[in-house]
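Here is the structure we will look at.
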2 protein chains.
Amino acid sequence: MSEEKSPVTTGARRDSYHHGDLKRALTHAALSLVAERGPKGFTLTEAARRAGVSAAAPYRHFADKAHLLATVAEQGFLELHTALTTTAADAASDPAARLISIGRAYVRWAVDHPDHYRVMFGADNDKAQHPSLAVAAGQAFGDLLDVITLCQAAGKLRGQEPGQVAGPLWSLVHGIASLAIDGELRNVGIDQDPEDMVADALSALFGR
Amino acid sequence: MSEEKSPVTTGARRDSYHHGDLKRALTHAALSLVAERGPKGFTLTEAARRAGVSAAAPYRHFADKAHLLATVAEQGFLELHTALTTTAADAASDPAARLISIGRAYVRWAVDHPDHYRVMFGADNDKAQHPSLAVAAGQAFGDLLDVITLCQAAGKLRGQEPGQVAGPLWSLVHGIASLAIDGELRNVGIDQDPEDMVADALSALFGR
DNA sequence: ACCTGAACACCGTTCAAGT
DNA sequence: ACCTGAACACCGTTCAAGT
């Protein structure tokens, strides 16, 4: 029998006994798995298989399955943060327009990466158990806070505390994103594009 | 206080070979399990154990684990629907006040039944696979639609199509509920009571 | 019609042992 | 330090067999 082993996944080498970049290979495989079989279909054993290692190998890099998923979620928040800041840089100078742009960007990223978004807000990630995940989530939230502060400074948005308005605004944006991703909106007969929905709702905020 | 509880849900062994009300006992055990160990901790085997039957018995009543969870979710939407209609009956005659009341009631029910709510909106329930679940969800959504239609008829809310405003409104309410349940709001330093948050946001909708 | 018991193919996790 | 292989205690699901 030939010693033909499992095919090497993206950018990983198995030329030696040691993998080399197993941690990255595992998170990558995890995300692919979630995309292919849904968040529930993710399996630590299968992720290890795709990385070309034994089922026990991941435990050198992650305490358990939940920690691997938390790392994937954390990466998602970093990517979302990047998407939001990039949008903010390109946005118009009008604060209200910037808020609408960032709202659109948030929903667009979520709809474009539904599986990643589900992992980020899955009920199984215990933020108390994964501090760096909480930090990354807070960073993405900070992007929202910044634009809100801008709007308030320009007198476009009432309220004194940015957090006072950031709560409902984040909820609106997250609600649209997650209901759209799960198909709940279409289920009740709402076919409007989720991105347009945020834009409309936010512009109504500024008196149309 | 009522003694008409379900027969054998408390783990007490039945006296006959047949259970009698296994279907109900299983959904009841499932909900308790989700409450105790989280949505991820739910196990079909353990639910069967609590109902006092073998691990294979549930398959006489549910096609698989997902169908049991879908049934639990469906019950949740029915309960939510009841909570919303009860509130609507008690609410003031002013349409705007009614909308605020129903928004409060939605978030209150979700926060009071976090585990049930998670099952209802968990990523694992495939509405296409469980039509009656979609119907129950649509019924709860209908409660929202009704009040919105009332508001529009009274000129309190602009827009011609109720669905046009129901989408963002449901998203806002669902976003607040789910972020509150998962502790995301507190995580970013927002300590406001979620019920008050909906009320504030909705009253702002009516020009304060 | 409803339930049991045994069976199968998995998982997550641990641990001694190899490189 | 990193990985393997075997082991353990589970699960979900199926099926022949009991009541």
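Just so we're on the same page: letters track the sequence lines, and every chain starts at 1. Just so it is clear, the model here is predicted, and its values are computed rather than measured.
A:F42 has its side chain out of reach of A:V119: every pair of non-hydrogen atoms, C-beta onward, lies at least 4.5 Å apart. In this structure, A:Q164 and B:Q192 have side chains that are in contact, with non-hydrogen atoms separated by less than 4.5 Å.
A close approach under 4.0 Å does occur between a side-chain nitrogen or oxygen of B:H61 and OP1 or OP2 of C:dC3.
Stem analysis of DNA chain C (at least three stacked-register Watson-Crick or G-U pairs, each with both distances under 3.5 Å) gives C:4-8 with D:12-16, C:12-16 with D:4-8.
No more than 12 heavy-atom neighbours from other residues, nucleotides or ligands sit within 6.0 angstrom of CZ on A:R24.
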side-chain contact (heavy atoms from CB on, under 4.5 Å), that's the test. Do A:W170 and A:I148 meet it? Break it down for me.
CA-CA 11 Å; A:W170 184 28; A:I148 288 171; over 6 Å; no
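The pair A:D182-A:R118 counts as a salt bridge, with a side-chain nitrogen and a carboxylate oxygen less than 4.0 angstrom apart.
The distance from atom CG of A:L157 to atom SG of A:C151, rounded to the nearest 0.5 Å, is 5.5 Å.
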Distance-only criterion, 3.5 Å: show the donor-acceptor pairs between side-chain atoms of residues 72-79 of chain B and protein atoms not counting sequence neighbours.
residue, atom, partner, partner atom, Å
B:E74, OE1, B:S132, OG, 2.9

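Evaluated for a ring pair (Phe, Tyr, Trp, His ring centres under 6.0 Å) with B:H174, the options B:Y117, B:Y106, B:W109 yield exactly one hit, B:Y117.
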For nucleotides 11-19 of chain C, 5' to 3', base contacts (B), sugar-phosphate-only contacts (S) and non-contacts (-) with protein non-hydrogen atoms under 4.0 Å give SSBBB--B-
